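If you're wondering where the values come from, they're calculated on a predicted model, not measured in any experiment. Chain identifiers are assigned alphabetically (A, B, ...) following the order of the sequence lines, protein sequences preceding nucleic acid strands; residue numbering begins at 1 within each chain.
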Number of protein chains: 2
Amino acid sequence: MNISELAQHLGVAVSTVSRVLSGNADKYRISEKTVQRVQKAAEKYRVVPDPLGAGLRKGKLGMIGLLVPDITNPFFSTLARAIELRFRDTGIAVQLCDSAEDPATEIALLNKLLSRRLDGLIVAPVGEVSDELKSAVSNSPMPLVVLDRLLPGVSVPSVSIDNIKAGKLAANHLIESGHKHLGCLRGNCRAISDQERLKGVEEAMREAGLDPATLSIAGTGYTRELSLLSATELLTLSPRPSGIISLSGQGILGILEASRASGLSIPRDFSVIAFDEQPWSALMQPPITTITQPIESMAEKAVFLLNLEGRAKEVTPEVVEATLCRRESVAAVN
Amino acid sequence: MNISELAQHLGVAVSTVSRVLSGNADKYRISEKTVQRVQKAAEKYRVVPDPLGAGLRKGKLGMIGLLVPDITNPFFSTLARAIELRFRDTGIAVQLCDSAEDPATEIALLNKLLSRRLDGLIVAPVGEVSDELKSAVSNSPMPLVVLDRLLPGVSVPSVSIDNIKAGKLAANHLIESGHKHLGCLRGNCRAISDQERLKGVEEAMREAGLDPATLSIAGTGYTRELSLLSATELLTLSPRPSGIISLSGQGILGILEASRASGLSIPRDFSVIAFDEQPWSALMQPPITTITQPIESMAEKAVFLLNLEGRAKEVTPEVVEATLCRRESVAAVN
DNA sequence: TTTACTGGCGCAAACGTTTGTTCTCTTCTA
DNA sequence: TAGAAGAGAACAAACGTTTGCGCCAGTAAA
């Protein structure tokens, strides 16, 4: 039953029912008695205004879009949950899309989302910037905020950590522990975040008087197979880097697998730091030292920037703080 | 620009543009020339029929709902991705909701989803059945399929593993390895799946001549803290169970943490099997033996049952096969 | 008793499609 | 040459809301 049928049943106008059910009763001076009558009936027959009709009329659907590169990655699933939670009370639904770390899929999904009548869009890009992506993002007809892996050269509200700083944080921890020969396992080398983390590592080395040219770098791609391959590459180098940084959250799994396959032991044979805290980080043998991103606060800021109340748009990138979580996967060397 | 503006711009009727853009050109005998002209212009001005208007008219929105208990759980995030992927080509979007393992939230979200004009709904329930949940599910105005944790007594298409059989599978592996004193860490003890897995374990014990009364059981709830607590409880029993089964995917993390805290070593001090394969299962020290659910095939069957083409509804529960993945967390005892 | 005001509610347009029906041309046949 | 047939496209109703405006009755002020 829809509200016009309900109105007919009650012998009142559709508009009256609409006003009552959307909470605008007093704004339009509907008598308390009528309000009660309508509410009772609406409850009884379980009638709720159809979001489609309302959406069409209001030009909004009460729904935002969330595009992530990989919902399977704990970082993004935690983020997704945090974001959805924040919208729950406001009655706004979240439509999730997963671009599977593929730029082409990303563009296609983004365009589809942009053509839907959403209230806003939160995009965590794959990280590879194309002109098409840039123009799609910057010409968005709806509020849009970019999360995590930023799009350089696009003026749009965003929130992420300072990846250079985070890279330095990781490198410095290794350097302070006495490591001189560092290695990096990259995730997606076309992503700015990855590049910046790497840059941070190199800067830290320079500042510590180490030659960035001695940094061993491997890896491209997030799949299990690729990271295993690249990690093996890194571990079979001679001399083997004594301190390794996984620039992505999944990379560490490849490193662990490769380490095991090579019969190496952490942190005896090498130390390791991984980006992104995972549920199992502390439970590995040894517990893994991580660079932790403040997911809750990222979600909060993203939602704030999305700015559904219509306040002025912030285009200053919002930066949140990454922290080092020290565990036993990093050992001091002489 | 919407299609009526485009129509005006081209000097044709809206209906003509609509028919061209929705691929019904020949069905309504639109001349090839007009088709070309409309398509060209639509492409040029990037005009796509508004899903809201279309949805309102057609009574469908081209979107299904997916309700999961915890998107942070790898099992569900993998499932979500698999499902979304299968709908991608058909142009159907997936709206994700996370009930956070909370029955009340689940009801609220379910009702909200049911009142939206969706093409279908896939529900992976928290597992606690209430009359309200039952009636909401069975009175669904749209195609609906239940996934994973079933709702007994509700006649609705469903897909899951045979949890009793899976429980037996786990228990038998331990029993065959010589374990006589078993323990179970439950997830949500009100969920049928949990109860059935437990029943399977007990049956296996009985069949092997073991007294089910000797089975040690602990645990309720999926949070980190709760599973740590319950796992500790299990491990400090005396005598300590020599073979432990985590009935839920997250439980194993609690067991590992408790084991570490108690200075115990797996599988020297006790053996362990966990439900649900996780990305890190094979990378733990020792690699964890798991009961693996065929996620891809569950997604496939769920989508098939959702049956958007309007074929007859299957109400026979679809059962898929769980498998044992043997690793080193189970050792043979004398 | 008239005028002015206001509380309470209904009317109808608009949002952007889709689709059954109707209208207008051509062109072909008798 | 008249009529029919059919191709091509326009018309208009419907989908279910929201919302500006206007109507009516009752009350208070003059």
Side-chain angles (χ1 to χ4, degrees), chain A residues 1-39 41-42 45-63 91 112 114-119 141-142, chain B residues 1-39 41-42 45-63 91 112 114-119 141-142:
Chain A
M1 175 143 76
N2 55 33
I3 69 167
S4 26
E5 290 169 334
L6 183 64
Q8 197 163 8
H9 177 79
L10 291 176
V12 300
V14 228
S15 46
T16 303
V17 176
S18 170
R19 293 194 240 256
V20 170
L21 260 35
S22 55
N24 292 326
D26 38 1
K27 184 175 158 195
Y28 285 94
R29 300 179 309 210
I30 308 295
S31 71
E32 186 54 29
K33 197 172 64 179
T34 310
V35 169
Q36 290 296 333
R37 213 158 67 91
V38 171
Q39 281 181 340
Y45 299 110
R46 293 171 172 275
V47 19
V48 179
D50 186 319
L52 256 109
L56 185 58
R57 168 65 220 227
K58 296 199 286 195
K60 307 200 145 199
L61 194 47
M63 176 150 75
K112 182 170 287 180
L114 287 172
S115 80
R116 288 183 172 275
R117 193 76 66 83
L118 301 170
D119 295 12
M142 58 191 81
Chain B
M1 178 142 74
N2 56 32
I3 69 167
S4 24
E5 290 169 334
L6 182 65
Q8 197 164 8
H9 177 79
L10 290 176
V12 300
V14 229
S15 48
T16 304
V17 176
S18 170
R19 293 195 239 257
V20 170
L21 260 35
S22 55
N24 291 326
D26 39 358
K27 185 174 159 194
Y28 285 95
R29 300 177 311 211
I30 308 294
S31 71
E32 186 56 25
K33 198 171 62 177
T34 308
V35 170
Q36 290 294 333
R37 214 158 64 92
V38 171
Q39 282 180 339
Y45 299 109
R46 294 170 171 275
V47 20
V48 179
D50 186 318
L52 255 107
L56 185 58
R57 168 66 220 225
K58 295 200 286 196
K60 306 199 147 203
L61 194 47
M63 178 149 76
K112 183 171 287 182
L114 287 172
S115 79
R116 289 184 172 276
R117 194 77 66 84
L118 301 169
D119 294 14
M142 57 191 82

Counting only side-chain heavy atoms from C-beta out, which of [options] sits nearest to [X]?
X      : options                   : answer
D50(A) : dT17(D), dT18(C), dA12(C) : dT17(D)
S15(B) : dC9(C), dA12(D), dT17(C)  : dA12(D)
T34(B) : dT18(C), dC15(C), dA9(D)  : dA9(D)
L56(A) : dG16(D), dG10(C), dT18(C) : dG16(D)
R57(B) : dT19(D), dA14(D), dT17(D) : dA14(D)
R19(B) : dC11(D), dT18(C), dA9(D)  : dC11(D)

Whole-Å distance between [N] [atom2] and [X] [atom1]?
X      : N       : atom1 : atom2 : result
L21(B) : dG16(C) : CG    : P     : 15 Å
R29(B) : dT19(C) : CZ    : P     : 16 Å
Y28(A) : dC9(C)  : OH    : C1'   : 13 Å
I3(B)  : dC11(D) : CD1   : C1'   : 15 Å
I30(B) : dG6(D)  : CD1   : C1'   : 15 Å
K60(B) : dG16(D) : NZ    : P     : 15 Å
K27(B) : dG8(D)  : NZ    : P     : 17 Å
D26(B) : dA7(D)  : CG    : C1'   : 14 Å

- request: Drop me the distance from R57(A)'s CZ to S18(A)'s OG, to the nearest 0.5 angstrom.
  value: 9.5 Å
statement: To the nearest 0.5 Å, atom CG of L114(B) lies from atom CZ of R46(A) at 9.5 Å
- request: Locate the shortest heavy-atom distance separating P49(A) from I3(A); write the atom from each residue and the value.
  value: CA-CG2, 4.1 Å
- prompt: Any side-chain N or O of S18(A) under 4.0 Å from OP1/OP2 of dT17(D)?
  reply: no
query: Between dA9(D) and S31(B), is there an OP1 or OP2 to side-chain N/O distance shorter than 4.0 Å?
result: yes
query: How would you label the contact of V48(B) with the nucleic acid (heavy atoms, under 4.0 Å): base, sugar-phosphate, or nothing?
result: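 Result for V48(B) = sugar-phosphate.
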- prompt: Is the number of heavy atoms from other residues, nucleotides or ligands within 6.0 Å of CD (Q39(A)) greater than 12?
  reply: yes
- prompt: Side-chain contact, heavy-atom cut-off 4.5 Å: Y45(B) with H9(B)?
  reply: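 With C-beta onward as the side chain, the pair touches.
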message: Judged by each residue's nearest nucleotide on DNA chain C, which is more toward the 5′ side, N24(B) or K58(A)?
response: K58(A)
